Structures are given as C-alpha cells and as structure tokens.
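To start, the structure under review is shown below, and the notes come after it.
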Amino acid sequence: MGCCNRRCGLIAGAVFGAVVAILGGILIPVGKSIIEETVEKEVVIEPGTQAYENWESTGVSVYRQFWLLDVQNAQEVLQDGAIPVVVEKGPYTYRTRYLPKENITFNPNHTISFMLPQGAIFDPSMSVGTEEDKVTSLNLGVAGAYSLVPKPLHAVLESLIKASKSSLFQNRTVGEMLWGYYDPLLKDNIGLFSPYNGTYDGIYNVFDGKDDISKVGFIDSWRGESVLQFWGDKYCDMINGTDASSFPPFLDKKPLYFFSSDICRSVSAGFEQSMDLKGIKVYRYVLQPNTLASPKVNPDNQCFCRNEVITKNCTLAGVLDMSSCQAGRPIYISLAHFLGGSKSLLENVKGLNPNEKHHGTYLDVEPTTGFTLRFAKRIQVNMMYGPSNVITVLKKVKDYTIFPLVWMNETASVDDATADMLKKELITRIEMLDIIQKALLGTGVAIFVLCLISYCVVRRNQSKIV
C-alpha cells in the first residue's frame with residue numbers, strides 16, 4: 001500500500017511538473033503578445049502615450065557644440081601659396097531643440113503635420129570662451145562669390161573685392177561666423193547658420209503608427225513634397241525613414257534609415273554593438289561606411305556628384321556637395337575632420353586628425369520601443385575655393401580646395417529620471433515576465449524529471465523485492 005501511494009505521489013508530482021512547465025511554455029508566446037500590445041500602444045504618436053510626450057517636446061537637453069577651424073598661416077597662403085594650417089577652437093556650446101513643435105495637425109490618413117521651430121541659446125558653462133572670441137577663417141563672401149560669379153565676370157569680381165578691401169581670409173568673432181555679420185563685398189548679412197533663431201524646419205508630415213506600427217515616425221513628406229527636389233534623381237531624392245529621434249519598435253539589428261534636413265538627404269546607420277545605458281540595453285548604430293563613399297566605390301552615390309572637376313571625376317570621397325540645396329553656394333558637408341574622406345582632403349589642409357571615437361556619428365536606440373536614448377551627430381561645414389588668374393587673392397592657389405570652417409556635435413542623452421521611468425514602466429516588467437517564464441519552465445521540468453526518475457527507481461526496487 002505504501003509503495004502504491006509513493007508511486008502515485010511521484011506520478012502526481014511528475015504531472016504537476018509537466019503542467020508547470022507547460023504553463024511556463026505557454027507564457028512565452030502569451031507574454032510576448034502582452035509585451036508587444038503594450039509597447040505598440042505606447043509608441044503610437046497620439047496624445048496620452050509616452051511617445052507623444054517625448055515627440056511633442058524633447059524631454060532631454062539637446063546641445064550643439066561648435067569647433068571653429070582657426071587659420072594659423074593666412075599670409076603665407078596668400079603670398080606664397082602655402083598649404084593652410086588650422087587649429088580647432090572650441091567647443092562653443094548652445095542649447096537647441098528646446099522649443100515644442102508648432103501647428104500640430106492630426107490628419108485623417110494617420111499622419112501628423114507640424115513645424116519644427118529653431119533656436120539656439122549660448123551656454124558659457126559648457127564653452128571654452130565667449131561668442132566674442134576671435135577666429136581667422138575663410139572669407140565666406142569671397143569664396144561664395146568665386147563660385148556664383150561666372151568666370152568671364154571674374155574681372156568685375158576682382159574690382160569689387162579690392163573696393164571692399166576683402167581678402168581670402170578674415171578675422172571674425174565666433175558669434176559672427178556662426179550666426180551672421182554684414183559682409184562688405186556682398187553687402188548683405190551672411191553666416192554659416194544664418195538665419196537660425198526664429199526660423200522653422202518643415203512642414204513635416206509623419207505617420208502616427210496607429211494603423212501600421214511599422215511606419216510610426218516615418219516621414220511622409222517634407223515641405224509639402226514626398227520626395228526631395230535637390231538631386232534630380234529618383235534614388236538620391238528619396239525621403240527615407242524617420243527623423244532619427246525614434247524608430248518603429250522591436251528592432252532586429254537591420255540598418256535604420258533616417259532623413260536629415262541639415263544635409264538635404266536620407267542616410268542609413270548599421271548595427272555596431274549592444275551596450276548598457278543607465279541600466280538599459282541599447283543598440284548602437286553608426287553611419288554606414290559607404291554613406292559618403294565616392295561613386296566609384298558606391299555607385300548609388302553617383303547622383304550626389306555635382307561637379308566632376310572639383311571631385312576629380314567623381315572619385316573624391318568623404319564630402320557632399322550641398323550647392324543644389326544651398327542656393328548655389330559652394331557648401332560641402334563632411335564628417336568631422338574629414339573622417340572617412342579621401343587623403344587629398346587632409347593633404348590640402350593641415351591640422352586635422354580624424355578619429356572615429358571623437359568624430360563619428362552614432363545612435364543608441366532602445367530596441368523594444370525604438371526610442372533613441374542617446375546620439376551624437378557630428379558633421380563639418382566646408383566651403384570650396386579655387387585658383388584664378390584674375391582674382392588677386394586666389395592667384396597663389398594651386399588647386400580647388402574644400403576648406404573646413406566648423407564642425408558640429410549635436411548631442412543628447414536620456415536623463416536619470418527618464419531612464420528610471422522607462423525601466424520601471426517597461427524594461428523591469430519585461431525582465432520580470434521573462435524571469436517568471438524561465439522559472440516556471442525550469443521548475444516544472446525539474447519537478448517532472450525528478451519525479452519521473454524517482455518513480456522509476458521505486459518501481460525497480462519493488463520489482464526486485466517481488
């Protein structure tokens with residue numbers, strides 16, 4: 001009787017273990033479904049969701065740090081045709097993206113329209129000096145006029161340069177170079193980022209994700225157009241992905257696509273590694289190596305090549321000719337210190353030392369929600385000038401030069417309070433559910449196996465007695 005009770009108890013234990021294991025197994029897809037439903041609800045861009053709060057007004061401080069490239073040998077360049085030598089001066093830091101989106105309109109087709117106001121506030125505590133610090137830099141007016149004025153009229157331009165007492169280089173304050181000054185040659189206010197304060201980026205139209213979560217945040221149109229009007233090519237004019245502040249949830253380490261109005265094009269970032277950010281697992285994405293590759297290496301970039309002479313038959317890598325979206329001005333965008341660019345860029349200007357750690361662009365994205373929790377967008381603004389037999393200040397110039405003016409690091413990181421909230425509301429719940437699932441599955445299997453082995457032992461011993 002005792003043996004029978006023992007066997008029955010072991011059988012019951014095995015059944016119980018199997019039930020517990022099955023329950024743990026069932027919780028895996030059920031739990032996954034619960035998580036997905038919760039996340040999808042919170043990442044939709046509509047009032048009341050976590051995504052909307054962060055989308056309407058950036059919850060963290062975003063900064064733009066500027067390093068201006070200060071010319072050390074301006075006279076030698078002018079008089080002897082020496083290679084320019086620069087030393088970076090900075091950072092000069094501004095708080096930006098602190099204004100909430102304006103004219104937010106919810107459309108019937110599950111899109112949202114809005115304007116993005118722009119503003120910058122100088123932060124002396126995060127800067128090496130004041131906006132009144134002086135730098136020697138390229139004369140924006142002279143460089144711009146060199147490209148905009150046709151060569152047959154360069155004699156007239158030479159007269160205007162002399163009359164305005166302009167030269168190839170100029171001494172200006174940091175504030176003037178960034179935000180504008182009156183140029184005696186062009187007789188107008190010009191600056192690298194002028195105008196900025198009080199202006200708007202957009203109109204943007206993005207998908208809210210309510211009907212299709214895989215499109216949440218994707219840009220439907222910019223400035224009223226679903227494609228760009230700058231490059232004259234279907235591929236280069238595509239507006240792909242989001243604005244990089246967030247992406248659709250449940251990332252799978254595939255490349256992410258986003259549009260940047262700063263460079264008038266869409267780009268992609270590839271997965272590099274998983275990291276820990278304030279106790280939250282994030283995926284780090286970096287710009288794809290072929291983003292600014294020459295068309296000879298990446299044929300898709302052929303439509304970004306605007307001038308075969310300056311780019312040496314489109315073999316130049318590392319720069320993007322922005323003239324088509326900068327009213328013809330000879331602006332070239334690159335990564336900081338010409339990171340990833342052709343050797344000639346570093347040979348024509350001395351003093352730059354590209355380094356991936358300090359000059360690379362990256363995004364740290366929480367993979368379940370698709371929220372970007374930390375980023376660093378590092379780009380450099382350059383202008384082109386070249387040789388001339390007519391214009392005195394350019395007679396010693398030997399070749400077309402893409403000259404670095406300033407590089408910028410736009411950066412932000414999730415604060416402690418937001419990180420704690422995200423962990424409490426989402427990450428901790430997911431981890432707890434995962435622990436419960438594994439505990440039930442593991443415990444159930446252990447009980448089942450233990451009871452099954454014990455049952456076999458008991459039965460074997462009973463057989464020997466009989």
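Just the heavy atoms: all of them, side chains too, but no hydrogens, waters or symmetry mates, feed the values below. Please read these numbers as outputs of a predicted model, since none were measured by experiment. Numbers for residues simply follow the sequence, beginning at 1.
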- Task: Could you tell me whether the side chains of D243 and S245 share a donor-acceptor contact shorter than 3.5 Å?
- Result: yes
- Got a sec, which residues hit side chain to side chain contact (heavy atoms under 4.5 Å, CB included) with A412, two or more places apart in sequence or on another chain? V60, V62, F375
- Which residue pairs pass the salt bridge (Lys or Arg N to Asp or Glu O under 4.0 Å) test when at least one of the two sits in residues 201-216, sequence neighbours left out? E46-K210
- Verify the distance criterion only: is there a donor paired with an acceptor across the side chains of N205 and S113 at less than 3.5 Å? yes
- Message: Assess, by modelled atom type and distance only, whether the side chains of N171 and T136 contain a donor and an acceptor separated by less than 3.5 Å.
- Response: yes
- Sequence neighbours excluded, the answer for ring pair (Phe, Tyr, Trp, His ring centres under 6.0 Å) partners of F304 is W231
- Item | E42 and T49: side chain donor to acceptor below 3.5 Å | no
- Query: With no hydrogens and no angle check, is any side-chain donor or acceptor of T418 less than 3.5 Å from a backbone partner on V414?
  - Reply: no
- If you measure only the distance, is there a donor-acceptor pair under 3.5 Å linking the side chains of Y235 and Q302? no
- Is there side-chain contact between V86 and L352, with heavy atoms separated by less than 4.5 Å? yes
- Query: Within a strict 4.5 Å, meaning less than it, do heavy atoms of the D237 and Q229 side chains meet?
  - Reply: no
- Distance-only, no hydrogens or angles: does the S324 side chain make a donor-acceptor pair with backbone N or O of F230 under 3.5 Å? yes
- Task: With side chain to side chain donor-acceptor pair (under 3.5 Å) as the test, would you mind laying out the steps for T242 and Y257 before giving the verdict?
- Result: CA-CA 7 Å; T242 71; Y257 294 86; over 6 Å; no
- Task: Answer with yes or no whether the side chains of D133 and Y92 bring together a donor and an acceptor at under 3.5 Å.
- Result: yes
- Item | Minimum heavy-atom distance between I45 and Y52, given as atom pair plus value | CG2-CD1, 3.9 Å
- Query: Would you say the side-chain atoms of R223 pair up with the backbone N or O of I203, donor to acceptor, closer than 3.5 Å?
  - Reply: no
- Would you call I104 and E56 a side-chain contact if the rule is heavy atoms closer than 4.5 Å? yes
- Query: What pair of heavy atoms forms the shortest contact from T411 to Q65, and how long is it?
  - Reply: CG2-OE1, 4.1 Å
- Indicate whether the side chain of T369 and that of E366 have a donor and an acceptor atom separated by less than 3.5 Å. yes
- Check whether the side chains of T311 and N307 place a donor and an acceptor atom closer than 3.5 Å, and report yes or no. no
- Message: Could you check whether atom NZ of K134 has more than 12 heavy atoms from other residues, nucleotides or ligands sitting under 6.0 Å from it?
- Response: yes
- Identify, with sequence neighbours excluded, every residue that meets side chain to side chain contact (heavy atoms under 4.5 Å, CB included) alongside E176. R172, T173, Y181
- Message: Run I239 and L228 through side-chain contact (heavy atoms from CB on, under 4.5 Å) and show every step you take.
- Response: CA-CA 7 Å; I239 300 177; L228 302 175; 3.8 Å; yes
- Does any pair with a residue in residues 84-101 pass salt bridge (Lys or Arg N to Asp or Glu O under 4.0 Å), and if so which ones, sequence neighbours excluded? R97-E410
- Contacts of N355 that satisfy side chain to side chain contact (heavy atoms under 4.5 Å, CB included) - sequence neighbours left out: K357, H358, H359
Show me the donor-acceptor pairs within less than 3.5 Å that the side chains of residues 290-297 make with the rest of the protein, sequence neighbours left out.
from : atom 1 : to   : atom 2 : distance (Å)
T291 : OG1    : Q288 : O      : 2.7
S294 : OG     : K296 : N      : 3.4

- What pair of heavy atoms forms the shortest contact from V349 to I402, and how long is it? CG2-O, 4.2 Å
- Query: Run the side-chain contact (heavy atoms from CB on, under 4.5 Å) check on T361 and V267 step by step: do they pass?
  - Reply: CA-CA 12 Å; T361 291; V267 296; over 6 Å; no
- Message: Quick test of your reading: applying salt bridge (Lys or Arg N to Asp or Glu O under 4.0 Å), list the pairs with at least one residue in residues 311-340, sequence neighbours left out, ordered by first then second residue.
- Response: K312-D399
- Message: Apply side-chain contact (heavy atoms from CB on, under 4.5 Å) to residues E131 and Y94 and explain how you reach the verdict.
- Response: CA-CA 11 Å; E131 292 182 294; Y94 295 78; 2.6 Å; yes
- Task: Using side chain to side chain contact (heavy atoms under 4.5 Å, CB included) as the criterion, list what pairs up with S194, not counting sequence neighbours.
- Result: none
- Task: Output every pair passing disulfide (SG to SG under 2.5 Å) with a member in residues 308-342, not counting sequence neighbours, ordered by first then second residue.
- Result: C264-C325, C305-C314
- Item | Side-chain donor-acceptor pair present, T315, N313, cut-off under 3.5 Å | no
- Looking at side-chain heavy atoms only, is the closest gap between Y200 and Q118 below 4.5 Å? no
- Item | Distance-only donor-acceptor check, side chains S268 and Y285, under 3.5 Å | no
- Closest heavy-atom contact between S166 and L185? OG-CB, 3.8 Å
- Task: Write out all pairs satisfying salt bridge (Lys or Arg N to Asp or Glu O under 4.0 Å) with one or both partners inside residues 252-277, taking only residues at least two apart or from two chains.
- Result: R64-D262, D252-K254, D262-K377
- Report the residues that fulfil ring pair (Phe, Tyr, Trp, His ring centres under 6.0 Å) with Y283, sequence neighbours left out, ordered by chain and then residue number. F271
- S137 and F169: CA distance, side-chain angles, deciding distance, side-chain contact (heavy atoms from CB on, under 4.5 Å) verdict: CA-CA 5 Å; S137 187; F169 299 102; over 6 Å; no
- Message: For A244, is there any backbone N or O sitting under 3.5 Å from a side-chain donor or acceptor partner on T372?
- Response: yes
- Distance-minimising heavy-atom pair for V319 and F338: CG1-CE2, 4.0 Å
- Task: Would you check if the side chain of N382 reaches a backbone N or O of Y332 as a donor-acceptor pair within less than 3.5 Å?
- Result: yes
- Indicate yes or no for a side-chain donor-acceptor contact from S323 to the backbone of G328 under 3.5 Å, with no hydrogens or angles considered. no
- Heavy-atom closest contact (F114 atom, I112 atom, distance): CD2-O, 4.0 Å
- Message: Show, in sequence, the C-alpha distance, side-chain angles and deciding distance for F66 and F193, and conclude whether the ring-ring contact (aromatic ring centres under 6.0 Å, His included) test is met.
- Response: CA-CA 11 Å; F66 296 98; F193 301 95; 5.2 Å; yes
